[in-house]
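Data block below; observations after.
Here is the naming used below: chain letters follow the sequence lines, and residue numbers restart at 1 for every chain.
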2 protein chains.
Amino acid sequence: MHAPITIRDVARLAEVHPGTVSRALNPQTRSLVNSDTAARVLAAADELGYRPNSMARGLKTSRSFTVGVLVPDLTNPLFPPIVRGIDDRLTLDGYTPLLVNTDSDPERERASIETMLARQVDGFIAATARLDVEPLDEAIARGLPVVLVNRTFEDGSISACTVDDQRGSQLAVQHILGLGHTRIGYVAGPQNVSTGHRRYLGFVAAMEAAGIEIAPGDVSFAAAFRELAGAQACAELLRCDPGLTAIVTANDRLAIGCYDTLAQLGLRCPQDISVIGFNDMLFIDRLRPPLSSVRVPQREIGYAAADLLLDQLTDGSAGPREVLLEPSLVVRGSTAAPSLRDAAAGPGA
Amino acid sequence: MHAPITIRDVARLAEVHPGTVSRALNPQTRSLVNSDTAARVLAAADELGYRPNSMARGLKTSRSFTVGVLVPDLTNPLFPPIVRGIDDRLTLDGYTPLLVNTDSDPERERASIETMLARQVDGFIAATARLDVEPLDEAIARGLPVVLVNRTFEDGSISACTVDDQRGSQLAVQHILGLGHTRIGYVAGPQNVSTGHRRYLGFVAAMEAAGIEIAPGDVSFAAAFRELAGAQACAELLRCDPGLTAIVTANDRLAIGCYDTLAQLGLRCPQDISVIGFNDMLFIDRLRPPLSSVRVPQREIGYAAADLLLDQLTDGSAGPREVLLEPSLVVRGSTAAPSLRDAAAGPGA
DNA sequence: CTGTTAGCGCATTCAT
DNA sequence: ATGAATGCGCTAACAG
């Protein structure tokens with residue numbers, strides 16, 4: 001438990017002034033110093049095991065090389081890959097993420113942002129679903145760059161990185177149509193989060209593009225991205241139109257809920273009804289049947305978001321940008337051609 | 001984008017000396033100041049929206065109120081709940097976790113610890129399975145408290161928080177025995193990680209306690225906690241002893257691998273063979289059949305680990321302690337009485 | 001090229 | 001009970 005080694009210890013050993021040590025140790029300013037001296041300093045620093053105190057550096061430069069990362073709940077399987085991607089990218093440039101779970105609670109959110117501001121974070125990445133940016137207003141006012149993940153801000157004044165949700169819905173619909181389905185239901189997510197809304201819009205657009213009319217009862221809105229809400233929405237769908245042969249969903253967990261309802265009604269998937277999810281969650285291929293889904297490159301989204309932020313951090317003039325990543329279709333056992341069931345019996349009964 | 005508000009701004013508004021503001025704002029020293037003045041200072045701080053600069057404070061006090069948290073890979077479903085628990089507890093006391101993914105790569109591990117040391121973390125929580133403590137030696141030498149999660153350090157010189165792995169194995173074995181099984185195989189995890197080793201010891205002990213001999217081929221060691229390794233181990237088990245009626249595993253993912261092998265061999269679970277996992281991962285109840293498992297209170301483990309660390313942080317004299325949390329048994333459809341080969345009844349029916 | 005100087009914002013010792 | 005002074009470890013502006 002020896003005393004911490006400072007820049008002055010290194011200076012003493014290398015027989016130079018502390019200021020020179022600072023210059024020699026910083027790659028940015030190393031060119032300002034004689035390479036021999038620099039080498040000597042490096043050697044001395046190495047010998048002593050010197051490690052710059054980043055709080056002192058931060059105090060002086062008013063940059064902390066930390067980034068606030070807001071997620072609703074790390075326990076939601078959606079977020080770990082995103083956070084991992086963020087971490088991977090930030091680490092490359094010497095930044096450290098400060099992770100916070102907000103539980104989508106405005107008060108907790110406010111408090112967290114407060115704390116991070118006090119910690120002098122250099123920017124924020126908000127992987128939260130809620131639509132308002134207000135809690136981040138002060139950060140923005142202070143000139144701190146902010147990047148949104150999984151959502152966008154309407155006027156485009158804030159950088160954002162998301163998957164192309166509409167395109168994802170289109171992939172799902174086209175897959176289902178390609179199998180020959182025409183009686184298609186949709187379990188939508190909550191419309192007050194952008195993901196839910198845009199996936200819904202994508203579904204509508206894709207159906208229209210195919211010239212298929214969406215009957216009033218063919219869409220049911222789940223109150224949350226949860227299994228139970230999905231099960232309820234699915235039940236409602238089938239009550240309105242028992243003749244559906246396929247259900248497109250806005251999220252894998254909603255699709256799991258659909259499985260529950262189908263099982264309860266004695267309907268088989270995919271023989272009686274096809275189901276397709278969205279996100280391609282870990283282990284979703286282990287369900288019975290394995291769920292077809294729209295894959296979202298979560299880790300890449302996090303990585304790209306961090307990339308966006310670093311851009312703005314490094315190059316002050318870099319304006320806000322939006323990055324849209326491509327989803328892809330993963331076909332598994334939950335989708336098949338329609339009417340393996342008795343087509344002649346028809347719907348209605 | 002106004003200039004940041006410092007303690008001097010508050011002092012000016014409250015018409016006191018900056019030193020007084022510092023005292024008034026810190027709950028610890030507030031008693032040293034007249035309560036009227038204190039109130040005035042608080043009001044001024046509030047009005048200006050003052051937020052203490054934690055880097056300046058840290059530089060002065062050489063405490064950062066941050067804690068380094070090491071995990072192998074956040075993407076492994078084991079860790080999010082643990083990290084969540086850590087975060088929840090640390091936040092209560094104003095600490096912030098600095099999360100790092102090491103990928104169990106010694107070099108990455110070393111570099112991360114280096115970075116965190118430079119950031120003046122006040123302590124470490126290592127939620128990694130296979131870390132020799134060596135990379136943390138310097139931290140320990142510096143007098144920084146360290147808490148291990150999911151593993152212990154032999155000589156008990158380091159605090160640790162784990163589930164009672166042996167007890168967990170015992171619960172699994174007793175459940176299987178209670179169903180009437182006597183021909184029981186074990187798919188063990190890697191023995192160079194403490195979790196794998198202790199669960200194995202627990203299995204052996206429980207079998208011995210029941211007076212059942214473990215035949216040479218009845219245990220197979222998986223090379224990793226992964227599905228494929230589990231599948232291979234399961235295949236080996238059944239090759240040696242096709243008469244097994246139950247398989248106990250050291251981990252849910254190994255159990256999933258067993259499912260794969262059983263399906264491949266045309267064996268039904270639980271009618272032909274029962275399988276029980278360990279961890280009770282998220283969505284493991286969604287497999288077919290739903291996996292019986294030993295539940296590990298992951299979030300609580302993280303919470304308790306952070307608690308241990310805070311103890312040592314707050315009370316310098318607090319020695320290292322070990323905390324063992326209780327596992328519990330979750331019975332689902334993958335375990336049943338042996339030899340139901342003719343019974344048509346499914347689980348729960 | 002390198003030494004010197006002056007703070008960054010705060011907590012803390014010493015006066016008063 | 002409060003003011004004054006000092007320095008945590010570092011970087012940056014200015015000399016030389």
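Remark: C1' of dG3(D) and CD of Glu15(B) are 15 Å apart, rounded to the nearest angstrom. Regarding Arg8(A), its CZ atom lies at a distance of 12 Å from the P atom of dT4(C), rounded to whole Å. In this structure, the CE atom of Met55(A) is 13 Å from the C1' atom of dC10(D), given to the nearest Å. Leu32(B) has its CG atom 12 Å from the C1' atom of dA11(C), to the nearest Å. The CG-C1' distance, from Asp9(A) to dC10(D), rounds to 13 Å in whole Å. Distance Phe65(B) CZ to dA11(C) C1': 12 Å, rounded to the nearest Å. Taking atom CZ of Arg63(A) as the reference point, atom C1' of dG9(D) lies 19 Å away to the nearest angstrom. In this structure, Gln28(B) places its CD atom 14 Å from C1' of dT12(C), rounding to the nearest Å.
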Might you work through the side chain to side chain contact (heavy atoms under 4.5 Å, CB included) test for Leu90(A) and Leu310(A), ending with a clear yes or no? CA-CA 8 Å; Leu90(A) 289 183; Leu310(A) 289 171; 4.1 Å; yes
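Residue Val33(B) places its side chain closer to dT2(D) than to any other of dG9(D), dT2(C), dT2(D).
The number of heavy atoms from other shown groups lying within 6.0 Å of CD (Glu107(B)) is above 12. Heavy-atom contacts from other residues, nucleotides or ligands closer than 6.0 Å to CD of Glu15(A) number 12 or fewer.
Asn53(B) places a side-chain N or O within 3.5 Å of a backbone atom of Met55(B) that can act as its donor or acceptor partner. When atom types are taken as modelled, the side chain of Arg30(B) and the backbone of Ala24(B) share a donor-acceptor pair closer than 3.5 angstrom.
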Sugar-phosphate atoms are those with a prime plus P, OP1 and OP2; base atoms are the rest. Using that split, label each nucleotide of nucleotides 11-16 of chain D B, S or - for protein heavy atoms under 4.0 Å, 5' to 3'. BBB---
Just list the side-chain donor-acceptor pairs under 3.5 Å for residues 67-78 of chain B, sequence neighbours left out, or say none.
unit_1, atom_1, unit_2, atom_2, d
Asp73(B), OD1, Arg84(A), NE, 3.0
Asp73(B), OD1, Thr75(B), N, 3.0
Asn76(B), OD1, Leu78(B), N, 3.0

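For the helix from dC1(C)-dG16(D) to dT16(C)-dA1(D), the end axes, each set by the C1' atoms of five terminal pairs, are bent relative to each other by 40° (nearest 10°).
Rounded to the nearest 0.5 Å, atoms CG (Asn26(A)) and OG (Ser31(A)) are 9.5 Å apart.
Looking at which nucleotide of DNA chain D each of Val16(B) and Leu59(B) is closest to, the 5′-most match is held by Val16(B).
A donor-acceptor contact under 3.5 angstrom links the side chains of Gln312(A) and Ser159(A), judged on distance only. No hydrogens or angles considered: a donor-acceptor pair under 3.5 Å links the side chains of Arg119(A) and Thr96(B).
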